[in-house]
Amino acid sequence: MDLMSTLEGSLMEGFFPSGWDLKKIDACVDDDPSTITDRQPWWHADFNPIPCHSLTDFDTLMGHEIAITIARAKEAGEKLAMILPVGPMGMYRWAVYFLTEWGVDCKHVYGFNMDEWSDKDGNNLPSNNPGAFQYAMEQAFYGPLGSLTVPEDQRHFATTDVLPTYGDRIGELRSQGAKLTVIFGIGRVCHIAFWEPQFAGEYSSEEEWKAATHRIGAKLHPLTIEQNAITSFKSRTTLVPAYANTIGPGLFLNADKIIGGADGTLDRGMMWQGLSLWMTFRHEPTPWIPSTYMPTQPGRLFFLEELAGPLVAECN
């Protein structure tokens, strides 16, 4: 007895994105956690999953990867466009630590926050709201860098007026020789940024889906709202907006380098991200599971070893 055998007539029927094959998704999970890093035919030759034993290791290694990317661009005399997430977050502390230790400034960095909470019209939370992603970035990264920080006019946030300009701004930077690094987490429904899986049903082809650069007032999946209630709003679902402004695959699938992170454990064996990680690694790329495209790009995805499982029942 499981979800697939009891779905019909239940309140979960019709809940998941229509393009999801639950049996195929379940088959992505291997009982042997050590196989999670087995290479798949569609992975980019320069994509590498990096297991991390502890959250401290995860934060440090991912922070170092961000910092070394910034430092190498500085050394090469290149501008660097970085698409930045709010979630995961612990790596920013270590990125600041390494950049400060090395004395590397970020005057060559152009930051583009990948998403922001909104209402259906794209209006955002005030930037001083502790739930706002702009507030989180200024507190975790831009502020602590002090004199080494990214110049204010090179920081871009996913507001209604600025988000639609991301494609042109990044395109202009790349025409000047800049590289694009996409830093990301993986959502419960395998979104990247807030680009939700159900959006796939609105496009006539994969090519059309891949070309979309952004969405204003994107309607979020219920699992996304509940994930964020758990991870960012201390379980208070009533505080979580139902919409967000977000970049699309036209931006997050065109990276020169990706830096991904999956740290979704909750202690005492509980987690929310194990299945999402297995889907990302093992399901062939499909617009119905946006994160499945990330391994097709060069870079690294850091993840907590615990997320590999084994993903079996354990009552808590």
Side-chain angles (χ1 to χ4, degrees), residues 33 36-37 47-73 80 82-106 109 111-115 130-146 148-150 155 181-188 191-193 227-228 230-234 252 255 257-274 276-278 280-281 291 294-295 299-309:
I36 196 169
T37 56
F47 169 77
N48 291 290
I50 309 295
C52 302
H53 180 67
S54 68
L55 183 59
T56 300
D57 290 348
F58 172 90
D59 289 342
T60 306
L61 293 175
M62 191 172 176
H64 180 269
E65 191 70 18
I66 294 170
I68 201 70
T69 301
I70 291 171
R72 286 173 176 165
L80 178 64
M82 303 191 86
I83 291 178
L84 302 163
V86 174
M89 288 293 288
M91 71 282 188
Y92 288 126
R93 173 172 171 260
W94 285 100
V96 169
Y97 173 82
F98 287 116
L99 291 169
T100 302
E101 282 289 297
W102 302 335
V104 175
D105 71 63
C106 296
V109 175
F112 296 84
N113 258 61
M114 58 171 43
D115 45 22
F133 293 163
Q134 179 172 347
Y135 179 90
M137 283 303 301
E138 289 171 344
Q139 296 297 311
F141 189 56
Y142 293 138
L145 278 170
L148 301 176
T149 197
V150 177
R155 307 174 193 174
T181 294
V182 175
I183 306 168
F184 67 96
I186 300 167
R188 173 70 173 150
H191 65 215
I192 300 298
Q227 172 210 317
N228 280 274
I230 292 168
T231 59
S232 299
F233 291 87
K234 298 187 184 297
F252 64 72
K257 176 181 181 178
I258 63 168
I259 303 173
D263 63 346
T265 61
L266 298 171
D267 200 7
R268 292 192 289 132
M270 296 183 288
M271 65 179 70
W272 62 268
Q273 206 174 24
S276 306
L277 183 65
W278 277 101
T280 299
F281 284 152
S291 64
M294 301 316 282
R300 292 178 169 179
L301 199 166
F302 300 85
F303 68 95
L304 287 180
E305 290 176 346
E306 183 182 347
L307 291 173

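Quick note: numbers below take in every heavy atom, side chains included, and nothing from hydrogens, waters or symmetry partners.
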Completion exercise
Separation between OG1 (T181) and CZ (F112), nearest 0.5 Å, reads 12.0 Å
Practice task
List the atom of W272, the atom of T231, and the distance in Å for their closest heavy-atom pair.
Solution key: NE1-CG2, 3.5 Å
List the atom pairs, with distances to 0.1 Å, where a side-chain N or O of residues 257-267 and a protein N or O form a donor-acceptor pair under 3.5 Å, not counting sequence neighbours.
unit_1: K257; atom_1: NZ; unit_2: E65; atom_2: OE2; d: 2.9
unit_1: K257; atom_1: NZ; unit_2: T69; atom_2: OG1; d: 2.6

Completion exercise
Here the pair of heavy atoms bringing M82 nearest to I183 is CE-CD1, 3.6 Å
Exercise for the section: Drop me the distance from D115's CG to H191's NE2, to the nearest 0.5 angstrom. Expected result: 7.5 Å
Exercise for the section: Apply side chain to side chain contact (heavy atoms under 4.5 Å, CB included) to R72 and L80, showing your working. Expected result: CA-CA 10 Å; R72 286 173 176 165; L80 178 64; over 6 Å; no
Handout entry: Approximate separation, where rounding is to 0.5 Å, of M62 CE and F58 CZ
Key = 5.0 Å
Practice task
Please answer whether the main-chain N or O of G187 pairs with a side-chain N or O of Q227 as donor and acceptor at a distance below 3.5 Å.
Solution key: no
Handout entry: Non-neighbouring partners of S276 that pass side-chain hydrogen bond (donor to acceptor under 3.5 Å, both in side chains), sequence neighbours left out
Key = none
Handout entry: Close side-chain approach of L301 and P295, heavy atoms under 4.5 Å
Key = no
Please list every donor-acceptor pair under 3.5 Å in which a side-chain atom of residues 86-103 meets a protein atom from a residue at least two apart or in another chain.
unit_1: Y92; atom_1: OH; unit_2: P85; atom_2: O; d: 2.7
unit_1: T100; atom_1: OG1; unit_2: V96; atom_2: O; d: 2.7

Exercise for the section: Could I get the full list of ring pair (Phe, Tyr, Trp, His ring centres under 6.0 Å) partners for F303, not counting sequence neighbours? Expected result: F281
Exercise for the section: Decide side chain to side chain contact (heavy atoms under 4.5 Å, CB included) for I192 and S291; before the verdict, give the C-alpha distance in whole Å, the side-chain angles of both, and the deciding distance to 0.1 Å. Expected result: CA-CA 6 Å; I192 300 298; S291 64; 3.8 Å; yes
Exercise for the section: Test M294 against F47 for side chain to side chain contact (heavy atoms under 4.5 Å, CB included), laying out the working first. Expected result: CA-CA 9 Å; M294 301 316 282; F47 169 77; 5.8 Å; no
Handout entry: Listed partners of E138 passing side-chain contact (heavy atoms from CB on, under 4.5 Å), at least two apart
Key = Q134, Y142, F157
Exercise for the section: With sequence neighbours excluded, tell me which residues meet salt bridge (charged side-chain N to carboxylate O under 4.0 Å, His left out) with D105. Expected result: K74
Exercise for the section: With rounding to the nearest 0.5 Å, note down the distance linking CH2 in W278 to CD1 in I36. Expected result: 4.5 Å
Problem - Nearest-0.5 Å distance, CG of residue L61 to SG of residue C52 - result: 5.0 Å
Completion exercise
Minimal heavy-atom distance between A255 and V182, with the atoms involved, is CB-CG2, 3.6 Å
Handout entry: Results of side-chain contact (heavy atoms from CB on, under 4.5 Å) for E305 - residues two or more places apart only
Key = P51, H53
Exercise for the section: Give, for atom CG of L307 and atom CG of L277, the distance between the pair rounded to the nearest 0.5 Å. Expected result: 6.0 Å
Problem - Donor-acceptor contact present, side-chain T149 to main-chain L145, <3.5 Å - result: no
